[in-house]
**Student:** 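Below is the structure I would like to discuss, written out as structure tokens.
Bear in mind the structure is a predicted one, so any value in this text is a computation, not a measurement. Convention: sequence-line order gives letters A, B, ...; per-chain numbering from 1.
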There are 2 protein chains.
Amino acid sequence: MILQPLSESTEMYLKAMVELGGREVVAVGRLAERLSVTSVSANEMMRRLGEQGLVSHTPYKGVTLTQMGREAACNVLRRQRLWECFLYAHLKIEWPQVYELACDLEHATAPAVTEALAAFLGQPSHCPYGDPIPAADGEFEPLLGISLSVVGVGGHARILAVRATDTDVLKYLYERGLVPACEVQVVEAAPLQGPLTLRVNGKEVALGLALAEFVIVEIIPAS
Amino acid sequence: MILQPLSESTEMYLKAMVELGGREVVAVGRLAERLSVTSVSANEMMRRLGEQGLVSHTPYKGVTLTQMGREAACNVLRRQRLWECFLYAHLKIEWPQVYELACDLEHATAPAVTEALAAFLGQPSHCPYGDPIPAADGEFEPLLGISLSVVGVGGHARILAVRATDTDVLKYLYERGLVPACEVQVVEAAPLQGPLTLRVNGKEVALGLALAEFVIVEIIPAS
DNA sequence: TAATATCATAAGGTTTGCCTATTAATTAAT
DNA sequence: ATTAATTAATAGGCAAACCTTATGATATTA
Ligand SMILES: [Mn+2]
Ligand SMILES: [Mn+2]
Ligand SMILES: [Mn+2]
Ligand SMILES: [Mn+2]
């Protein structure tokens, strides 16, 4: 499936759709939110992407990626995550900054560069934030995990991935040790959507529920 | 000197100015030609860059870079040439393709990435096409050399740099061995702006004068 | 000095992506 | 089941960078 080069803006919309919904329907409002544009802009873009055959839009219901749209979106994810690996492992750029810097490079990366980069990196399977890197054909198995925000009090869990994109949020989590492979215990959950209290590397850490949603974990069964 | 991020288009104009004129005045028409835009577009852009203090425009004379404009332009060159080094030496991308691929990446490269890349590469001094890489502060000593097109018949020369930007032109030169460090002899120069006949690696090669202009050489004195 | 070539501006158009304000549809609450 | 609140979509418009064609203005050169 050959497609003309897409604009940066278009690529960011497609990436947001696959991140937000995968193969499911996504509300246009969620997209607008995620991309920090008005819902008007998101609607307009959905109309254009619909005309290009990249999405299918059912008014008042939401949008889904077509096969072509999904391929394009996964390819953006591939570029993004490969650059994250390079920036982190080779250029020694700080973990919280990696997302934002890769998010610029991803749109300026021709297929020849993507594949040469993947080879240079040794075909890595996951990015520094723990998410899988789609294969050259676009496919990948999504991470099986749950949000830290739904782990019950007393539960032990291992961090699989961090889904935040804001550098400040990543920095906040990084400074508290909340990165992939880290093990955490939920010590307390304050009522009324209050913060969690976690035990991380022997220290107690308070974490707002909204932030905990970004953290994808697997439960460690009690031994 | 802090300046707001410039658009890709703006960066390409600035880069063209420093490539075409260095510190000299450049005719707006030359710029338009180089960038494949109409002279109307180039004029409009020069007005805008003038307002931003990046260039100084004397109507009917031409444009020069201001100090600020020169710094911005040299920074683009730095990013471009660092990426060229990376693509060529580490990603093993073919020499003729490197320029075009780096020309996309250069505009998506934050200062942190530029400097980390330079460190990763070991602060290289020249790009794969032979041109010097400006330092972080923007300064660099331009290559001292002459165009192959002005070397007299019988002259021996060593290629210092190739200034072409079109991938097909680079491929054409590459296939004939005309890359930096290669030694050539001018065997014959056809009249009426006709092609040169060169001896390159023991073979005779015909090269149009327009192409020879892209090749920057130093004379090898007769021993 | 006059003809020619080059350069600049005027006026108007296209594309892409954004916005505010308004209207329509859906969903939730009486 | 209506009404109210929320959410989604459209109408209309703005701006940045491109473009074209037409028209002056300056510089070169014959
Ligand atoms: Mn991006
Ligand atoms: Mn470029
Ligand atoms: Mn106008
Ligand atoms: Mn409209």
Side-chain angles (χ1 to χ4, degrees), chain A residues 3-17 20-21 24-65 68-69 72-73 76 103-104 106-108 193, chain B residues 3-17 20-21 24-65 69 72-73 76 103-104 106-108 165 193:
Chain A
L3 38 81
Q4 75 285 21
L6 304 170
S7 71
E8 167 164 347
S9 182
T10 295
E11 290 195 333
M12 289 305 282
Y13 273 94
L14 293 174
K15 192 172 78 169
M17 283 185 71
L20 237 48
E24 304 302 310
V25 172
V26 178
V28 177
R30 295 296 77 67
L31 265 181
E33 223 169 57
R34 161 67 82 113
L35 295 165
S36 302
V37 295
T38 63
S39 74
V40 178
S41 298
N43 260 284
E44 244 178 34
M45 183 60 95
M46 288 310 104
R47 185 182 49 67
R48 280 194 293 264
L49 296 190
E51 284 164 4
Q52 290 176 73
L54 294 165
V55 310
S56 160
H57 184 185
T58 309
Y60 295 104
K61 290 299 177 186
V63 280
T64 45
L65 290 165
M68 199 166 88
V76 180
C103 190
D104 287 338
E106 66 192 359
H107 312 291
Q193 316 282 37
Chain B
L3 38 80
Q4 76 285 20
L6 305 170
S7 73
E8 167 164 348
S9 182
T10 295
E11 290 195 336
M12 289 305 282
Y13 272 94
L14 293 174
K15 193 172 78 169
M17 283 185 70
L20 238 47
E24 304 303 309
V25 171
V26 178
V28 177
R30 296 296 77 65
L31 263 183
E33 223 169 57
R34 161 66 83 112
L35 295 165
S36 302
V37 297
T38 63
S39 74
V40 180
S41 298
N43 262 283
E44 268 177 13
M45 182 59 99
M46 287 309 105
R47 185 182 47 70
R48 280 194 294 265
L49 296 189
E51 285 165 4
Q52 291 175 72
L54 293 164
V55 310
S56 158
H57 184 185
T58 310
Y60 297 102
K61 291 297 178 185
V63 279
T64 46
L65 291 165
V76 180
C103 189
D104 287 338
E106 67 193 359
H107 312 290
T165 58
Q193 316 281 38

**Student:** Starting from P on dG17(C), measure out to CZ on R47(A) and report it in whole angstrom.
**Tutor:** 11 Å
**Student:** I'd like to check M17(B) versus E24(B) (side-chain heavy atoms, cut-off strictly below 4.5 Å). Are they in contact?
**Tutor:** no
**Student:** Using a 4.0 Å heavy-atom cut-off across all strands, classify T10(B) as base, sugar-phosphate, or nothing.
**Tutor:** nothing
**Student:** Rounded to the Å, how far apart are E8(A) CD and dA16(D) P?
**Tutor:** 18 Å
**Student:** Could you list the donor-acceptor pairs under 3.5 angstrom formed between side-chain atoms of residues 27-37 of chain B and any protein atom two or more places apart in sequence or on another chain?
**Tutor:**
unit_1	atom_1	unit_2	atom_2	d
R30(B)	NE	E33(B)	OE1	3.4
R30(B)	NH2	E33(B)	OE2	3.4
R34(B)	NH1	E19(B)	OE1	2.7

**Student:** Round to a whole Å and report the spacing from CD of E44(B) to P of dA15(D).
**Tutor:** 15 Å
**Student:** Using residues 56-65 of chain B as the side-chain source, report each donor-acceptor pair under 3.5 Å to any protein atom, sequence neighbours left out, with the distance given to one decimal.
**Tutor:**
none

**Student:** Under 4.0 Å: is that the gap between some side-chain N or O of R48(A) and OP1 or OP2 of dG17(C)?
**Tutor:** yes
**Student:** For residues G69(A) and L14(A), report the shortest heavy-atom separation together with the two atoms involved.
**Tutor:** O-CD2, 4.3 Å
**Student:** Answer yes or no: does a side-chain N or O of H57(A) lie under 4.0 Å from OP1 or OP2 of dA8(D)?
**Tutor:** no
**Student:** Please enumerate all residues that pass side-chain hydrogen bond (donor to acceptor under 3.5 Å, both in side chains) together with S41(A), with sequence neighbours excluded.
**Tutor:** T38(A)
**Student:** What is the distance, to the nearest angstrom, from the CZ atom on R30(B) to the P atom on dA5(C)?
**Tutor:** 14 Å
**Student:** Identify every side-chain donor-acceptor pair in residues 48-55 of chain A under 3.5 Å, counting partners at least two apart or on other chains, and give the distances.
**Tutor:**
unit_1	atom_1	unit_2	atom_2	d
E51(A)	OE2	R47(A)	NH1	3.1
Q52(A)	OE1	Q4(A)	NE2	3.3

**Student:** Should S41(A) be listed as having a side-chain N or O under 4.0 Å from OP1 or OP2 of dC19(C)?
**Tutor:** yes
**Student:** For N43(A) and dA8(D), is the shortest distance between a side-chain N/O and OP1 or OP2 below 4.0 Å?
**Tutor:** no
**Student:** Summarise how protein sits on nucleotides 21-30 of chain D as a single string, 5' to 3': B when a protein heavy atom is under 4.0 Å from the base, S for sugar-phosphate-only contact, - for no contact.
**Tutor:** B--BBSS---
**Student:** In whole angstroms, how far is the P atom of dA16(D) from the CG atom of L6(B)?
**Tutor:** 15 Å
**Student:** Name all pairs fulfilling the side chain to side chain donor-acceptor pair (under 3.5 Å) condition that reach into residues 8-17 of chain B, sequence neighbours left out, sorted by first residue then second.
**Tutor:** S7(B)-T10(B), E11(B)-R79(B), E11(B)-H107(B), K15(B)-Q80(B), K15(B)-Y99(B), K15(B)-E106(B)
**Student:** Please report, rounded to the nearest Å, how far the P atom of dT10(D) is from the CE atom of M45(A).
**Tutor:** 16 Å
**Student:** What's the CG-C1' distance between L31(B) and dC7(C), to the nearest Å?
**Tutor:** 13 Å
**Student:** Taking CE from M46(A) and C1' from dG17(C), how many angstroms apart are they, rounded to a whole number?
**Tutor:** 13 Å
